[in-house]
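Working notes, structure below.
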Amino acid sequence: MRLSRYFLPLLKENPAEAQIISHRLMLRSGMIKQSSSGIYSWLPMGFKVLKKIENIVHQEQKLAGHIPMLMPTLQSAELWKESGRYEDYGEEMLRIKDRHSRDLLYGPTNEELITDIFRSHVNSYRDLPLTLYHIQWKFRDERRPRFGVMRGREFYMKDGYNFDVDKDNALHSYNRHLISYLRTYERLGLKAIPMRADTGPIGGDYSHEFLVLAETGESEVFFDKSILNLSLGDRQVDFENKDQCQEIFNEWTSPYARTDETHDNASFDKMVPKDQQITSRAIEVGQIFYFGTKYSEAMGANVNNSEGVKIPVHMGSHGIGVSRLLGAIIEASHDDKGIIWPENVTPFQVGIINLKQGDEETDNVCSSIYKTFSDFGYDCLYDDTNERAGSKFATMDLIGIPWRITVGPRGVKNGVVEVTSRKSGESIELSPELAIRKITEIYEQAD
RNA sequence: CGGGCUAUAGCGCAGUUUGGUAGCGCGUUCGUCUGGGGGACGAAAGGUCGUGGGUUCAAAUCCCGCUAGCCCGACCA
């Protein structure tokens, strides 16, 4: 993309309404525009990142054996009356009437809808286990939306639902989700810690939240420092293998890690030596639940077991806040100049700065690098505007592209361009060919 | 939903106390000079002062209502 042809409405100053860093940077870098309280338009660059994150979430879900689908945003109130949550959910649920005065609602979550789909089509234990998921817009009419996309009213969420024949199998699904989430966060460049959690309005017996450490987080968390050393890396995971999944689950959940909701000082002191205890702020980026037969009994989602007896299925639900992740990633990865995108989610893999637009040789080198990247299928942002150098650098730093190629007449005379890492700020001079090769090698390793 | 605050040009703000021709910085447009970390000079465009009513010869300014937004708290992916 040539910057002169793109739509990237940057702000030089911080908008007054934005208080936290990710919100400011998202507004300043032209990723989002607030449309009303807690509701945002996703401008081209924000949309690009959102789709990248969504794509990674899809890949990891499918890898874990979960099946993608799509349910509507508007749901009939009938199903919610059946589960009893139409009344329970309260003011957070946006209720709508259609022209026939039928009660509709903008879905805050999908347990009822998915259970209805399940009971209509699945009757036998032979069809289990089954995990369905979708990534869809949700609406929760928050009392106080804030922090930009971190606590919007409309938000984009992956939510998945598992159906299993018994508790043992359902807990395997639970473990599978935990692992697939850990993998997802790692690919997004985030350190997310699973913490034992309350179950809230979803209900149920088991729940873990995933928290990313950040000063601006809404939750206070307490954990054993050793958990920070855990990593899945390129470990081979067989999601069908119950024992292996259980082992990984144990590895990640046995060290003490709780949010302020479930924290208990006595256990903390008992389980974790003082010098290993960490207290911090964190952002919740996902949650998994096992709630047994809560919905299947209320809504009659039964299957025949091997003896021909109807039994309610065991279920769980699992969510990742996809739009919130943008905020969380920025909170975890920025400096005073702007965003620093992890390679896997960056809107553009590489940025080209032309230091002297209009200089024939410099223009030619830029165009040729740009064309090569485009031919390789890379998203490359070429700043071909007439801005001065300082302004172009500031823009690239603000929007956070991880790798930058700087082309100026001085270097071009010597046959070199400059490759700069956004993260370290370090630059090296290379020929254009080697510069391209270096960057493509980095991205080949990154994924 | 309780408490606090704000609303004036695309963004950031002054002007409101004490009513009297709507201002500044950044950005935008045009021109010239520039050209390796948010350049300089010159010119220009851009505002029903959130909204409805009231007081007044006169309202951004005073009074009343409404709306929107932000912050703190209680709730949440």
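Lettering follows sequence order; numbering is per chain, from 1. When reading the values below, keep in mind they use all heavy atoms of this one structure, side chains included, and skip hydrogens, waters and symmetry mates. Model, not experiment: these values are computed from the prediction.
Within the 6.0 Å centre-distance limit, the rings of A:F222 and A:H263 are counted as a close aromatic pair. Here the two rings, on A:F249 and A:H208, have centers that are under 6.0 Å apart.
Non-hydrogen atoms lying under 4.0 Å from RNA chain B are contributed by A:E387, A:R388, A:A389, A:G390, A:S391, A:F393, A:A394, A:T395, A:D397, all within residues 387-401 of chain A. Only A:R28, A:Q34, A:S36, A:S37, listed by number, bring a heavy atom of residues 25-51 of chain A to less than 4.0 angstrom from any atom of RNA chain B.
Without hydrogens or angle criteria, A:E209 side chain to A:Q287 main chain gives no donor-acceptor distance under 3.5 Å. When atom types are taken as modelled, the side chain of A:K138 and the backbone of A:Q136 share a donor-acceptor pair closer than 3.5 angstrom. With hydrogens and angles disregarded, no donor-acceptor distance shorter than 3.5 Å links the side chain of A:R281 to the backbone of A:L213.
Residues passing the side chain to side chain contact (heavy atoms under 4.5 Å, CB included) test with A:K423 are A:I340, A:S421, sequence neighbours excluded. Residues forming a side chain to side chain donor-acceptor pair (under 3.5 Å) with A:T279 (at least two apart in sequence, or on another chain): none.
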Please list each protein N or O that sits under 3.5 Å from an N or O in nucleotides 73-75 of chain B, with the distance.
unit_1, atom_1, unit_2, atom_2, d
B:A74, N6, A:R146, NH2, 3.3
B:C75, N4, A:R146, NH2, 3.3

Are there any protein N/O atoms within less than 3.5 Å of an N/O atom in nucleotides 5-8 of chain B, and if so, which ones and at what distance?
none

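Donor-acceptor pairing under 3.5 Å is recorded for the side chains of A:T131 and A:R176. There is no side-chain donor-acceptor pair under 3.5 Å between A:S180 and A:E60. Residues A:D159 and A:H318 bring no donor and acceptor atom of their side chains to less than 3.5 Å of each other.
For a distance-only test at 3.5 Å, the side chain of A:R404 qualifies as a donor-acceptor partner of the base of B:G37.
The pairing partner recorded for B:C66 is B:G50, the criterion being a Watson-Crick or G-U wobble arrangement whose two distances lie under 3.5 angstrom.
Between A:E261 and A:L355, the one whose closest nucleotide on RNA chain B sits nearer the 5' end is A:L355. Toward the 5' end of RNA chain B, the nearer of the two residues A:Q19 and A:M157, judged by each one's closest nucleotide, is A:Q19.
Distances shorter than 4.0 Å separate none of the side-chain N or O atoms of A:K12 from OP1 or OP2 on B:C26.
Using a 30° and 60° split on the angle between ring planes, A:F118 and A:F163 fall in the parallel class, below 30°. Ring-plane geometry between A:Y185 and A:F210 is classed as tilted, the angle between the planes lying from 30 to 60 degrees on a 0 to 90 degree scale.
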Next item on the list: Before giving the answer on salt bridge (charged side-chain N to carboxylate O under 4.0 Å, His left out), spell out for A:K294 and A:E111 the whole-Å C-alpha distance, their side-chain angles and the decisive distance to 0.1 Å.
Entry: CA-CA 10 Å; A:K294 173 177 163 143; A:E111 280 83 4; over 6 Å; no

